[in-house]
Number of protein chains: 2
Amino acid sequence: MFVTPLHEYYSFMNATITFAVCDDHTLFRKTLIATLLNFKQLSLLTEAQNGKELIFKISTNPPHIIIVDIRMPGMDGYETITYLKQHFPDTKIIALSGYDNEYAINMVLEKGADTFISKNDEPEDMYLAITDVYEKGFHINKWVREAKRKLKHLPKLTLKENEIFQFLCRDLTYGQIAEQLNISIKTVDRHRDEIFRKFNVNSRTSLIIFSLNNGLTGSAL
Amino acid sequence: MFVTPLHEYYSFMNATITFAVCDDHTLFRKTLIATLLNFKQLSLLTEAQNGKELIFKISTNPPHIIIVDIRMPGMDGYETITYLKQHFPDTKIIALSGYDNEYAINMVLEKGADTFISKNDEPEDMYLAITDVYEKGFHINKWVREAKRKLKHLPKLTLKENEIFQFLCRDLTYGQIAEQLNISIKTVDRHRDEIFRKFNVNSRTSLIIFSLNNGLTGSAL
DNA sequence: TATAAAATGGGGTAAAATCCCCATTTGTGT
DNA sequence: ACACAAATGGGGATTTTACCCCATTTTATA
């Protein structure tokens with residue numbers, strides 16, 4: 001009688017997991033990679049400074065896992081993850097950020113990240129996320145659990161509100177925003193009112209502070 | 001005739017350099033430390049998440065070198081460096097930040113940092129800064145050179161302007177700022193006018209964006 | 001197709017911000 | 001005593017923001 005050898009059932013246990021790291025901070029990226037490579041199971045395929053560079057480098061040979069920072073100049077994490085999920089549905093994505101609040105985490109999960117790791121986590125947490133996502137296809141940690149729990153209480157911006165929110169975080173008057181979007185100032189004002197209500201702020205100043213401190217815009221303004 | 005052995009002249013070459021790392025992002029801090037410890041000459045004395053924790057930990061036994069991140073919750077890099085220079089004048093300080101612009105770099109150098117390393121630099125750059133600062137007492141790199149070159153062209157805020165600038169970056173009306181400082185709204189407005197001129201902005205919105213993007217406030221607002 | 005949610009925008013008001021003008025006082029250094 | 005920067009603040013104007021009211025049209029979706 002023929003018995004399938006154990007190592008075929010559990011082949012992933014000894015398999016090499018290939019990964020890529022996308023983060024603009026070289027010092028962080030290189031030290032993270034060096035640490036991860038101490039785990040013999042892991043193999044670095046690519047590193048990149050932003051989304052554009054990453055997509056170009058992995059196009060012909062995507063890795064199993066991609067670690068993507070949210071805040072990057074040029075193409076930020078939100079855009080990058082959206083693109084990756086559409087063009088490389090089999091590649092697992094670990095979103096990484098120093099902004100570990102429910103807003104940012106929910107946003108990346110919505111864009112298609114398979115899990116989230118904070119820059120406040122331990123290196124072992126990152127390793128666990130990698131192996132977990134590779135072996136099981138998902139990884140639930142405190143961040144993901146908390147974000148999902150709070151999801152129903154979180155304000156949800158409509159499409160137009162989100163568009164105007166981005167403009168509100170830049171240096172434009174309502175008149176200029178209205179001009180850009182070819183709508184009335186009154187409409188901009190009406191949406192602004194709703195955005196203020198949802199984020200519980202009462203001045204543009206505090207909206208911008210809130211946005212920048214919570215990583216709601218992946219790139220600098 | 002007695003000849004002093006070379007190793008006494010160059011004793012620092014084999015000496016152990018003790019260092020501390022102060023950065024709130026655990027993942028970055030630990031991977032950086034792991035990388036630095038690969039340089040056998042270096043020895044970790046302490047790690048901390050913010051200025052307060054650092055000062056407490058090194059009080060009885062300061063290291064040769066302290067690497068301090070600018071942006072930290074609680075006691076930020078600016079405050080920490082100011083304190084360290086006053087209480088541990090012999091300890092060399094390497095300021096570290098993701099904000100590698102002339103404003104932030106000049107600010108930390110003014111507070112007393114002995115050199116500056118960007119999170120966009122290579123790990124080797126950090127190693128070079130450490131050995132340089134230890135052996136020569138200073139370290140000139142492209143950041144420090146550029147910052148000094150641009151120094152004369154940079155706007156310089158007066159004491160009061162700087163105080164009001166901090167308030168402008170928070171969620172307060174001019175009336176509230178005036179109340180806090182026990183001065184007239186008109187005075188606040190007058191200083192604001194000068195601050196706008198110096199930083200070349202024309203709205204509070206762009207002032208806040210400018211400040212947050214350039215790391216001019218070491219802690220979140 | 002009924003219904004709800006989203007997007008549009010007009011009217012009006014009060015507060016806040018922006019930008020000038022100007023003068024006086026206070027402090028620092030020569 | 002003099003010069004000069006820094007800090008103070010009044011007067012006055014326009015623009016922008018903030019916050020209500022209201023109604024219509026468009027879009028999604030059950």
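Convention: sequence-line order gives letters A, B, ...; per-chain numbering from 1. Side chains are part of it too, since the values below use all heavy atoms of this structure and drop only hydrogens, waters and symmetry mates.
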Write out all pairs satisfying ring-ring contact (aromatic ring centres under 6.0 Å, His included) with one or both partners inside residues 45-65 of chain B, taking only residues at least two apart or from two chains.
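Qualifying pairs: B/His64-B/Tyr134.
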
Which residues pass the side chain to side chain donor-acceptor pair (under 3.5 Å) test with [X], sequence neighbours left out?
| X | answer |
| --- | --- |
| B/Lys111 | none |
| A/Asn101 | A/Asn214 |
| B/Arg29 | B/Glu47 |

Could you list the residues that satisfy salt bridge (Lys or Arg N to Asp or Glu O under 4.0 Å) with B/Lys85, not counting sequence neighbours?
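For B/Lys85, the residues satisfying salt bridge (Lys or Arg N to Asp or Glu O under 4.0 Å) (neighbours in sequence not counted) are B/Asp114.
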
Tell me every residue that passes salt bridge (Lys or Arg N to Asp or Glu O under 4.0 Å) with A/Arg149, counting only those two or more places apart in sequence or in another chain.
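Testing A/Arg149 for salt bridge (Lys or Arg N to Asp or Glu O under 4.0 Å), a comparison that skips the adjacent residues, returns A/Glu146.
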
[X] [atom1] to [N] [atom2]: how many Å, rounded?
| X | N | atom1 | atom2 | answer |
| --- | --- | --- | --- | --- |
| A/Ile177 | C/dG9 | CD1 | C1' | 16 Å |
| A/Ile195 | D/dT17 | CD1 | P | 13 Å |
| B/Asp171 | D/dT17 | CG | C1' | 13 Å |
| A/Gln176 | D/dT15 | CD | C1' | 12 Å |
| A/Leu168 | D/dT16 | CG | P | 15 Å |

Among residues at least two apart in sequence or on other chains, which ones pass side chain to side chain contact (heavy atoms under 4.5 Å, CB included) with B/Lys198?
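Only B/Pro155, B/Leu157, B/Thr158, B/Glu161, B/Glu194 meet the side chain to side chain contact (heavy atoms under 4.5 Å, CB included) criterion with B/Lys198.
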
Letter per nucleotide, 5' to 3', of nucleotides 10-22 of chain C [B base touched, S only sugar-phosphate touched, - untouched; heavy atoms, 4.0 Å]
BBB----SBBS-B

Using a 4.0 Å heavy-atom cut-off, write out nucleotides 25-30 of chain C from 5' to 3' as B (base contacted by protein), S (sugar-phosphate only) or - (no contact).
------

Just say parallel, tilted or perpendicular for the rings of B/Phe116 and B/Trp143, cut-offs at 30° and 60°.
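Answer is perpendicular, since the angle exceeds 60°.
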
Establish, for the pair B/Lys52 and B/Tyr83, whether the NZ or CZ atom is under 6.0 angstrom from the six-membered ring centre and no further than 45 degrees off its axis.
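Negative - B/Lys52 is either too far from the ring of B/Tyr83 or too far off its axis.
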
Examine A/Arg197 relative to A/Phe199 and say whether NZ or CZ is less than 6.0 Å from the centre of the six-membered ring and inside a 45° cone about the ring axis.
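No, cation not above the ring by the 6.0 Å, 45° rule.
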
Under 3.5 Å, side-chain donor or acceptor atoms of residues 91-98 of chain B against the rest of the protein: list the pairs with distances, not counting sequence neighbours.
from, atom 1, to, atom 2, distance (Å)
B/Thr91, OG1, B/Pro63, O, 3.3
B/Lys92, NZ, B/Gly137, O, 3.4
B/Ser97, OG, B/Tyr99, N, 2.9

For nucleotides 3-7 of chain D, which of its nitrogen or oxygen atoms have a protein nitrogen or oxygen under 3.5 Å away, and what is each distance?
from, atom 1, to, atom 2, distance (Å)
D/dA7, OP1, B/Lys160, N, 2.9
D/dA7, OP2, B/Thr158, OG1, 2.3

For the NZ atom on B/Lys136, are there more than 12 heavy atoms of other groups (residues, nucleotides or ligands in this structure) within a distance under 6.0 Å?
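Yes, enclosed.
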
For B/Glu179, is the CD atom crowded, meaning more than 12 foreign heavy atoms sit under 6.0 Å from it?
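Check fails, neighbour count at 12 or below.
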
Can you name the atoms? Protein N/O to nucleotides 27-30 of chain D N/O, anything below 3.5 Å, with the distance.
none

